[in-house]
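Reviewing the structure listed below.
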Amino acid sequence: MGEITCIFPEAAHLALTATATDRKINDLCKILQYQHLNVVSANPDRPNIYLQVEKRLPNIHKFEKLDQIIGPITEDLKTQLAGFPVTIVYMGSLEALSYCYYYISYHLQDLQYRGENIPENRIFGQYHKDYTDDMKRHIVTELTKENPTLRLVLATVALGMGLNAPSISQIIHCRSPSALESYMQEIGRAGRNGQPSKALLYYNNSDISKARNDIECLMI
């Protein structure tokens, strides 16, 4: 692949990205062939997001570790219903997502609907790459409302970039992301209007071991 030819070499160029490490910014500048540039960046720290970390059971406890996390969430949702803070729960796998989805459905029964018992009226939902396009659009549309019917979304990383949802005030990770950059992006979907928000991360020693290479790369 040859070099990119610049049609208007004297024109000003502007490139924008979300959370990115210094290394990725340098890589982007090389790809875009920027030579004389000004980098404008902001601290990704969000003072309105309270960070909390909890240890979860070892992976050998396949379903018990999920019950430990999804049980309290389900009880709070069942009690608060429309008053439950709009929350995204990032799951580690589709298997875990499916288990938690049916766990919530079983415990809420008819309380999971506001109005007629149809999927669009559920107060919780799921979002992953294999979900139908119609339901994906419904989830995103709901989350962009100031006060959505949908209060809880179980999601994989498929629910991500470009989502501007002012109603979200809580992000929960069932396991730590593989890189700090991903974590900052995902918790940044809470508190978009400056409202007090919370990011809760569950982890165990296996997570730390798997993420070690990415963490070390960030430190280079």
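With sequence neighbours left out, the salt bridge (Lys or Arg N to Asp or Glu O under 4.0 Å) criterion links E95 to K62. Checked against side chain to side chain donor-acceptor pair (under 3.5 Å), Y203 has no partners two or more places apart in sequence or in another chain. Looking at residues two or more places apart in sequence or on another chain, you find a side chain to side chain contact (heavy atoms under 4.5 Å, CB included) between H138 and E120, M135, E142. Checked against side chain to side chain contact (heavy atoms under 4.5 Å, CB included), S167 has the following partners two or more places apart in sequence or in another chain: V86, P148. K24 pairs by the salt bridge (Lys or Arg N to Asp or Glu O under 4.0 Å) definition with E181, not counting sequence neighbours. Applying the ring pair (Phe, Tyr, Trp, His ring centres under 6.0 Å) rule to H61 yields no partners; only residues at least two apart in sequence or on another chain are considered. Under the side chain to side chain contact (heavy atoms under 4.5 Å, CB included) criterion, L51 pairs with I49, Y183, I187, A199, not counting sequence neighbours. By the salt bridge (Lys or Arg N to Asp or Glu O under 4.0 Å) test, D134 is found to be paired with R137, residues two or more places apart in sequence or in another chain being considered.
Residues V89 and I168 do not share a hydrophobic cluster, defined by chaining ILVMFWY side chains whose heavy atoms lie under 4.5 Å apart. Under the 4.5 Å side-chain heavy-atom criterion for Ile, Leu, Val, Met, Phe, Trp and Tyr, M91 and F124 are members of the same hydrophobic cluster. No continuous path of ILVMFWY side-chain contacts below 4.5 Å connects I139 to L97, so the two sit in separate hydrophobic clusters.
Looking only at distances, no side-chain donor or acceptor of E64 sits under 3.5 Å from a matching main-chain atom of L57.
Taking Ile, Leu, Val, Met, Phe, Trp and Tyr as hydrophobic and joining them when side-chain heavy atoms fall under 4.5 Å apart, one finds I118 isolated, its cluster having no other members. In this structure, I60 stands alone, with no Ile, Leu, Val, Met, Phe, Trp or Tyr side-chain heavy atom under 4.5 Å from its own, directly or through other members.
For CG of D130, the number of neighbouring non-hydrogen atoms (other residues, nucleotides, ligands) closer than 6.0 Å is greater than 12.
The shortest heavy-atom contact between K136 and Y131 is CE-O, 3.3 Å.
For residues 192-203, no residue pair satisfies the salt bridge (charged side-chain N to carboxylate O under 4.0 Å, His left out) rule, not counting sequence neighbours. Applying the salt bridge (charged side-chain N to carboxylate O under 4.0 Å, His left out) definition to pairs two or more places apart or across chains, none involves residues 79-89.
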